[in-house]
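Numbering starts at 1 and runs along the sequence shown. Note that these values count all heavy atoms, side chains included, but never hydrogens, waters or copies made by symmetry.
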Amino acid sequence: QLQLVESGGGLVQPGGSLRLSCAASGFTLDPYAIGWFRQAPGKEREGVSCINTKDGATYYADSVKGRFTISIDNAKNTVYLQMNSLKPEDTAVYYCAAGDIATIFPDEYDSWGQGTQVTVSS
């Protein structure tokens with residue numbers, strides 16, 4: 001079974017940047033779709049970005065488009081989420097997940113990482 005481990009979260013000032021990593025073990029990322037999700041206190045888990053590991057197609061939520069970039073390093077079996085121009089409203093626990101379809105809807109994903117906290121605050 002595919003295992004996913006997120007890392008790279010932390011505290012950053014507004015306007016700053018972080019890069020989250022999602023390292024896979026057990027299986028290669030291909031043929032899975034990999035999604036990034038986040039959940040803030042009192043809010044539903046929402047899709048942030050996803051990538052089709054076969055063709056590299058990417059998708060972004062409107063709230064992060066132009067600021068976040070998802071990418072994959074097949075050699076390292078890792079998916080990244082580069083987050084730039086961070087805003088306080090980006091504060092959340094960020095999760096990566098693997099599924100069969102590249103979608104921002106979390107119910108479509110089967111395997112989840114443990115999450116990493118991102119806090120954007122001055």
Side-chain angles (χ1 to χ4, degrees):
Q1 185 176 357
L2 182 64
Q3 304 291 326
L4 302 172
V5 178
E6 303 98 330
S7 62
L11 175 65
V12 65
Q13 294 183 341
S17 299
L18 286 173
R19 189 179 73 164
L20 306 183
S21 299
C22 176
S25 62
F27 295 91
T28 58
L29 291 171
D30 185 4
Y32 293 96
I34 303 297
W36 283 100
F37 302 84
R38 66 187 183 187
Q39 188 166 23
K43 295 185 178 181
E44 298 285 337
R45 186 170 298 185
E46 64 175 345
V48 175
S49 182
C50 63
I51 185 168
N52 184 322
T53 61
K54 290 187 176 181
D55 63 12
T58 58
Y59 306 89
Y60 298 93
D62 288 342
S63 59
V64 307
K65 190 173 296 183
R67 299 188 298 120
F68 291 10
T69 303
I70 191 171
S71 62
I72 183 170
D73 186 336
N74 285 308
K76 297 182 178 179
N77 214 36
T78 299
V79 173
Y80 302 96
L81 184 68
Q82 179 66 47
M83 305 186 295
N84 298 326
S85 301
L86 284 162
K87 305 174 181 179
E89 51 264 45
D90 295 318
T91 296
V93 177
Y94 283 71
Y95 301 87
C96 67
D100 296 326
I101 302 173
T103 173
I104 62 171
F105 303 117
D107 289 347
E108 299 296 328
Y109 289 79
D110 301 315
S111 300
W112 291 80
Q114 83 289 348
T116 185
Q117 176 71 47
V118 172
T119 302
V120 184
S121 176
S122 60

What is the distance from atom OH of Tyr60 to atom CD1 of Ile70, rounded to the nearest 0.5 Å?
-> 6.5 Å
Does some side-chain heavy atom of Tyr94 sit less than 4.5 Å from a side-chain heavy atom of Met83?
-> yes
What heavy-atom pair brings Lys54 and Pro31 nearest, and what distance separates the two atoms?
-> CE-CB, 3.3 Å
Are Lys87 and Asp90 ion-paired here, with the side-chain N under 4.0 Å from a carboxylate O?
-> no
Stepwise, does the side-chain contact (heavy atoms from CB on, under 4.5 Å) test hold for Ser121 with Leu11?
-> CA-CA 7 Å; Ser121 176; Leu11 175 65; 4.2 Å; yes
Measure from the side-chain N and O atoms of Gln114 to the backbone N and O of Glu6, and report whether any donor-acceptor pair falls under 3.5 Å.
-> yes
Return the minimal non-hydrogen interatomic distance between Pro14 and Ser122, and the atom names on each side.
-> CD-N, 3.7 Å
Between the CD1 atom in Ile104 and the OG atom in Ser49, the distance rounded to the nearest 0.5 Å is 9.5 Å
Enter the distance from Leu81:CG to Ile51:CD1 here, rounded to the nearest 0.5 Å.
-> 10.5 Å
Taking the six-membered ring for Trp, are the ring centroids of Trp36 and Phe68 within less than 6.0 Å of each other?
-> no
Tightest non-hydrogen contact, residues Tyr109 and Gly99, listed as CD2-N, 3.4 Å
Given side-chain contact (heavy atoms from CB on, under 4.5 Å), test Gln3 with Trp112 step by step and report yes or no.
-> CA-CA 8 Å; Gln3 304 291 326; Trp112 291 80; over 6 Å; no
Closest heavy-atom contact between Thr91 and Val120?
-> OG1-N, 2.9 Å
Leu20 versus Thr116: any side-chain heavy-atom pair under 4.5 Å?
-> yes
Okay, side chain of Thr53, backbone of Tyr32: is any donor-acceptor separation there less than 3.5 Å?
-> yes
Within a strict 4.5 Å, meaning less than it, do heavy atoms of the Glu46 and Phe105 side chains meet?
-> no
Neighbour count >12 (heavy atoms, 6.0 Å) for atom CD, Glu89 | yes
Rounded distance [0.5 Å steps], CG in Asp110 versus CG in Asp100 | 6.0 Å
Kindly determine whether Asn77 and Thr28 satisfy side chain to side chain donor-acceptor pair (under 3.5 Å), including the steps that lead there.
-> CA-CA 6 Å; Asn77 214 36; Thr28 58; 5.1 Å; no
How long is the gap from OG on Ser25 to CG on Leu4, to the nearest 0.5 Å?
-> 7.5 Å
Nearest heavy-atom contact between Ala92 and Ala40 is CB-N, 3.8 Å
Just wondering, do Thr119 and Val12 contact through their side chains at under 4.5 Å, heavy atoms?
-> no
Could you go step by step and tell me if Ile72 and Thr78 meet the side-chain contact (heavy atoms from CB on, under 4.5 Å) rule?
-> CA-CA 6 Å; Ile72 183 170; Thr78 299; over 6 Å; no
Gap between atom CD1 of Ile34 and atom SG of Cys50 - 0.5 Å precision = 10.0 Å
Would you kindly check if the NZ (Lys) or CZ (Arg) of Arg19 is within the cone defined by 45 degrees around the ring axis of Tyr80 and under 6.0 Å from the six-membered ring centre?
-> yes
Taking the six-membered ring of Tyr95, is NZ or CZ of Arg38 closer than 6.0 Å to its centre and within 45° of its axis?
-> no
Does Leu2 belong to the same Ile/Leu/Val/Met/Phe/Trp/Tyr cluster as Val79, with side-chain heavy atoms less than 4.5 Å apart forming each link?
-> yes
Treat each ILVMFWY residue as a node, draw an edge where side-chain heavy atoms are under 4.5 Å apart, and state whether Val5 and Phe27 are in one component.
-> no
Taking every non-hydrogen atom, the tightest pair across Thr103 and Glu108 = CG2-CB, 3.5 Å
Determine whether the side chains of Asn84 and Ser17 contain a donor N or O and an acceptor N or O closer than 3.5 Å.
-> yes
